[in-house]
Amino acid sequence: MSTQHPAQDPAHHTDGPADGPADGSVRDAVLVTGASGTTGSRVAARLVARGLPVVAATRRATPVPGARAVRFDWTDPSTFAPALDGVGRMYLVPPVGSTDPAAAMLPFLRQARAAGAHRVVLLSASSVPRGGPAVGQVHEELPGLFDDWAVLRPSWFMQNFTGDHLHAHSARTEGVIRTATGDGRVGFVDADDIADVAVHALTDPAAPRTDLVLTGPEALDYADVAATLTALTGSRVVHQRLTRDEQCAHFRDRTGVPGPFAALLADMDVAIAGGAEDRTTDTVHRVTGHPPRRFADCAARELGLPAPSTDRPAAH
């Protein structure tokens, strides 16, 4: 589950369009789905900053500075063609809450290929291998549809503890993070690092043509995370351990996600408890040229707090 990306030389980076479609048409725009989300917003902003034409796709055509906003809904195929107009490369975030994203994504990918798109960067997860459940099925088909592709498989986001996620909300309002992860450790990754890797995968002369497992520099358990938040904010945060069934009900009742998706999330917690995410990789550093960001630094930045010292709760 830790296939690595071949090292790339950042000095050879280019913002110019990659090889275009065979019909000779100009397709240099980059489509970003989920462009108002955690990774999509960051990818879109970075591409705009590089002067690339960006099509920002969201369900409500949310304006994104410097980009062309379009309405896009994975469940509405009539939104596909307008989003693909002039697009050569795509950053794709799967439909949120779906246990079968392939049902919507594979027809879209075939339509995109026919329309002239030639490079795809797909957001997956470190816990989902090629051919695995949910987006793993899209990963399985992608190399047969496009010659230039990459699948980003990040670990769990650091922003889960600072944004609008259930963990962030309960930490702020109750001083509690509830999981079924036990003592399991996770190589939490900053969404900024994911976006940096995505931009390289979209714009470097050679597409990765592999999956990239992305982590932060250290593996932490949820007690470590709670202790870091306590030290940063001055408000006590603790980790409360739940059973698998308790966590499934917690996800379902607190977020409103469908039961099967809540069960999938709870099973991922159980996998963490068993050590499935207890790893770090050097992929962020090799692809981008900069080291991955620490959780303490990311949390301080996201919460608008002073940068912490190098002293922090140690991973154990």
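This is a predicted model, so every value here is computed, not measured.
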message = Under a plain distance cut-off of 3.5 Å, with no hydrogens placed, do H239 and T179 share a side-chain donor-acceptor pair?
response = yes

task = Indicate yes or no for a side-chain donor-acceptor contact from T281 to the backbone of V213 under 3.5 Å, with no hydrogens or angles considered.
result = yes

note = CZ of R254 to OG of S170, rounded to nearest 0.5 Å, is 7.0 Å

message = Counting C-beta onward and ignoring hydrogens, is there a side-chain heavy-atom pair between R294 and P308 closer than 4.5 Å?
response = yes

query = Under 6.0 Å between the ring centres of F261 and F251?
reply = no

remark   = Minimal heavy-atom distance between R153 and V128, with the atoms involved, is NE-O, 3.2 Å

message = With a 3.5 Å distance limit and no angle check, can you tell me whether R119 reaches the backbone of R89 through a side-chain donor-acceptor pair?
response = no

inquiry  = Tell me whether E246 contacts the main-chain N or O of T243 through its side chain, where contact means a donor paired with an acceptor under 3.5 Å.
reply    = yes

note = dist D278:CG -> L220:CG (nearest 0.5 Å) comes out at 10.0 Å

query = When you measure from the side chain of R71 to the backbone N and O of T58, does any donor-acceptor pair fall under 3.5 Å?
reply = no

key: Flag side-chain contact, heavy atom, 4.5 Å: P53 against V30   = no

request  = Taking the side chain as every heavy atom from C-beta outward, state whether D221 and T181 have any pair of such atoms under 4.5 Å apart.
outcome  = no

request  = For side chain to side chain contact (heavy atoms under 4.5 Å, CB included), just list the numbers for L166 and H250, CA-CA rounded to whole Å, side-chain angles, deciding distance to a tenth of an Å, and then say yes or no.
outcome  = CA-CA 10 Å; L166 178 61; H250 179 59; 3.4 Å; yes

Hphob cluster co-occupancy, V257 + L242, side-chain heavy atoms under 4.5 angstrom = no

message = Main chain of R293, side chain of D193: is a donor-acceptor contact present, judged purely on distance under 3.5 Å?
response = yes

ask   = Is the closest side-chain heavy-atom distance between D190 and Q159 below 4.5 Å?
value = yes

key: Cluster overlap L31 with L106, hydrophobic side-chain contacts below 4.5 Å   = yes

request  = Report the C-alpha separation of R209 and D147 in whole Å, then their side-chain angles, then the decisive distance to 0.1 Å, and conclude whether the salt bridge (charged side-chain N to carboxylate O under 4.0 Å, His left out) test is met.
outcome  = CA-CA 7 Å; R209 298 180 180 176; D147 290 334; 5.9 Å; no

task = Provide the closest heavy-atom pair for C248 versus G259 in the form atom of the first, atom of the second, distance.
result = SG-O, 4.4 Å

query = How close do V186 and S155 get, heavy atom to heavy atom, and via which atoms?
reply = CG1-OG, 3.2 Å

ask   = Just how far is it from atom CG of L142 to atom CE of M105, taken to the nearest 0.5 Å?
value = 8.5 Å

request  = Any chance you could measure T228, atom OG1, to M158, atom CE, to the nearest 0.5 Å?
outcome  = 10.0 Å

query = Any side-chain heavy atom of D164 within less than 4.5 Å of one from H169?
reply = no

key: Donor on one side chain, acceptor on other, S126 and E277, under 3.5 Å   = yes

query = Is V32 reachable from V48 through a run of I, L, V, M, F, W or Y residues, each pair having side-chain heavy atoms under 4.5 Å apart?
reply = yes

note = Smallest heavy-atom separation, Q111 atom then A81 atom, equals NE2-N, 3.6 Å

request  = Verify the cluster assignment for L52 and V64: are they in a single hydrophobic cluster under the rule of side-chain heavy atoms below 4.5 Å apart?
outcome  = no

query = Relative to each other, are the rings of Y222 and F188 parallel, tilted or perpendicular (30° and 60° limits)?
reply = perpendicular

task = For the pair D211 and R130, find out whether any cationic side-chain nitrogen is under 4.0 Å from an anionic carboxylate oxygen.
result = no

message = Classify the ring geometry of W74 against F72: parallel below 30°, tilted from 30° to 60°, perpendicular beyond 60°.
response = perpendicular

ask   = Looking at side-chain heavy atoms only, is the closest gap between R241 and R178 below 4.5 Å?
value = no

ask   = Any ion pair linking D192 and R42 (charged N to carboxylate O, less than 4.0 Å)?
value = yes

ask   = Are the side chain of Q137 and the backbone N or O of G131 linked by a donor-acceptor pair below 3.5 Å?
value = yes

message = With side chain to side chain contact (heavy atoms under 4.5 Å, CB included) as the criterion, how do T39 and Y91 come out once you've worked through the C-alpha distance, each side chain's angles and the decisive distance to 0.1 Å?
response = CA-CA 10 Å; T39 65; Y91 176 74; 2.8 Å; yes

task = Check the pair L122, M90 against side chain to side chain contact (heavy atoms under 4.5 Å, CB included), reporting the backbone distance first and the verdict last.
result = CA-CA 8 Å; L122 171 67; M90 304 184 292; over 6 Å; no

Backbone of A206 reached by a side-chain donor or acceptor of D204 within 3.5 Å = no

inquiry  = Please check this pair: side chain of T33 against backbone of A57, looking for a donor-acceptor N/O pair closer than 3.5 Å.
reply    = no

request  = Scan side-chain atoms only and decide if D73 and T75 contain a donor-acceptor pair under the 3.5 Å cut-off.
outcome  = yes

inquiry  = Quick one, F161 and I177 - any side-chain contact, counting heavy atoms below 4.5 Å?
reply    = yes

query = Within a strict 4.5 Å, meaning less than it, do heavy atoms of the L47 and T203 side chains meet?
reply = yes

ask   = Going by distance alone, is a donor N or O of one side chain under 3.5 Å from an acceptor N or O of the other, for S78 and D76?
value = yes

ask   = According to a 4.5 Å side-chain heavy-atom criterion applied to Ile, Leu, Val, Met, Phe, Trp and Tyr, with indirect links allowed, do V151 and M268 form part of one hydrophobic cluster?
value = yes

message = Using the rule given for side chain to side chain contact (heavy atoms under 4.5 Å, CB included), can you reason through R244 versus D269, listing the C-alpha separation, both sets of side-chain angles and the distance that settles it, and then say yes or no?
response = CA-CA 8 Å; R244 184 264 183 198; D269 268 18; over 6 Å; no

